[in-house]
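Just so we're on the same page: letters track the sequence lines, and every chain starts at 1.
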2 protein chains.
Amino acid sequence: MNYPNGKKFITAAIKENKRKITVDNFGNRGMGLEGDINLSNNFYNETKRALIYKRPTPIKVLKMDKVDKSKITEGFFSSKSTTDYNGVYKGRYLDFEAKETISRTSFPIANIRTQQITHLKSVIEQKGIAFFIIRMKAYNETYLLDAKHIITFCENAERKSIPYIFIKDNGCLIKESFSPRIMYLDAVDKVFFN
Amino acid sequence: MNYPNGKKFITAAIKENKRKITVDNFGNRGMGLEGDINLSNNFYNETKRALIYKRPTPIKVLKMDKVDKSKITEGFFSSKSTTDYNGVYKGRYLDFEAKETISRTSFPIANIRTQQITHLKSVIEQKGIAFFIIRMKAYNETYLLDAKHIITFCENAERKSIPYIFIKDNGCLIKESFSPRIMYLDAVDKVFFN
């Protein structure tokens, strides 16, 4: 769902994540990784550093109102066959998925859908920039990982989760600030433009 | 709405556009420009020449089912603040809007929303590839125009429509084939990669 209005987002986030908030209200103010990325994208878009959007969640429309042709009376959220975010940075195509985990030891692969791996492989084939943003909530750390590392891990994995040490070794720690909340384009610079 | 299945698309298109089909069934088989682009994108994606998607139409959800949390009971289609298509080609970010007109003399500017102009200007600022695909149905011709031309025209226009001759002079005629239906990436090559 889109919350173009920040306040509404916060209200919704608070309603949905009441329990979570008690855990992580210090680090990310209860907005979660998605909220942080949306705010950071607004900042990047406004300051013209990049143009990055969250893809809307596709909705399968089953019934429309018979009189008001723009009104949906029955529909369902369906899962994306792609990732959450894409856009343009320095002329390059950029595409990524964001995930968080409360685990202290690893990131469960089950959190990533096969379709997302397929999609990010296609992005890499087209020479786009593909990555994951993974937040380890237990450590209040957010990492950017080149999608190649995650794809290789998922395709060769005997384990069902990516160890924290793998994320630490292969990822780039994303710095936080007031605005942008998470400075992930600095990590993109380090990983993809060096 | 997406019609991943070509046959379904045709059926839906026929139902929705019965009148139109009698006019243009020779040139584009009644599928319209959007159908042609979607089929061409499928072809480009499958043959790994590019990765281009249609953005889903955003839906404003007003009411959810109280029991089934994935079910929407009231929602509205809202208009996009961006364009219809984006993706990656040769590593570059690509973003475009497609429009068709039955006029023989010009393309009415009213067909383009101010938000779309703003969005495409931002894409150009980020060194992305931004363009319009405009179909002149009266001539059965489809042109690719660098968004810069359209933006300049809209911002300086005293006229309320873009003359056919302007489109012909500044645009690149897109060739048609069986697959892809419209070979618009060849026009992208000519206009942006020369």
Could you state whether [X] and [Y] fall into the same hydrophobic cluster, counting links through intermediate Ile, Leu, Val, Met, Phe, Trp or Tyr residues with side-chain heavy atoms under 4.5 angstrom apart?
X      : Y      : result
A:I124 : A:Y89  : no
B:I102 : B:F166 : no
A:V191 : A:Y85  : yes
B:I162 : B:L173 : yes
A:F192 : A:I150 : no

### Query
What residue, out of A:K71, A:K60, A:R49, has the most heavy-atom pairs lying under 4.5 Å from chain B?
A:K71
### Query
Do you know which of A:N86, A:V123, A:L62 has the most heavy-atom pairs with chain B at a distance under 4.5 angstrom?
A:N86
Segment of [X] engaging chain A (4.5 angstrom heavy-atom cut-off):
X     : result
B:E74 : both
B:S81 : neither
B:D95 : neither

Taking all non-hydrogen atoms of both residues into account, name the closest pair between [X] and [Y] and its distance.
X      : Y     : result
B:S122 : A:L51 : CB-CD2, 3.7 Å
A:E125 : B:K48 : OE1-NZ, 3.2 Å
A:F77  : B:V61 : CZ-CG2, 4.0 Å

### Query
How long is the span from the CD1 atom in B:I59 to the CD1 atom in A:I72, to the nearest 0.5 Å?
3.5 Å
### Rounded distance [0.5 Å steps], NZ in A:K69 versus CZ in B:F76
13.5 Å
### Query
Using non-hydrogen atoms only, which part of A:K90 is less than 4.5 Å away from chain B: side chain, backbone, both, or neither?
backbone
### Query
Non-hydrogen atoms of chain B under 4.5 Å away: do they reach the side chain of A:D65, the backbone, both or neither?
neither
### Query
Which class fits the ring pair A:Y93 and B:Y93: parallel under 30°, tilted 30 to 60°, perpendicular over 60°?
parallel
### Other residues, nucleotides, ligands: >12 heavy atoms within 6.0 Å of B:K121 NZ
no
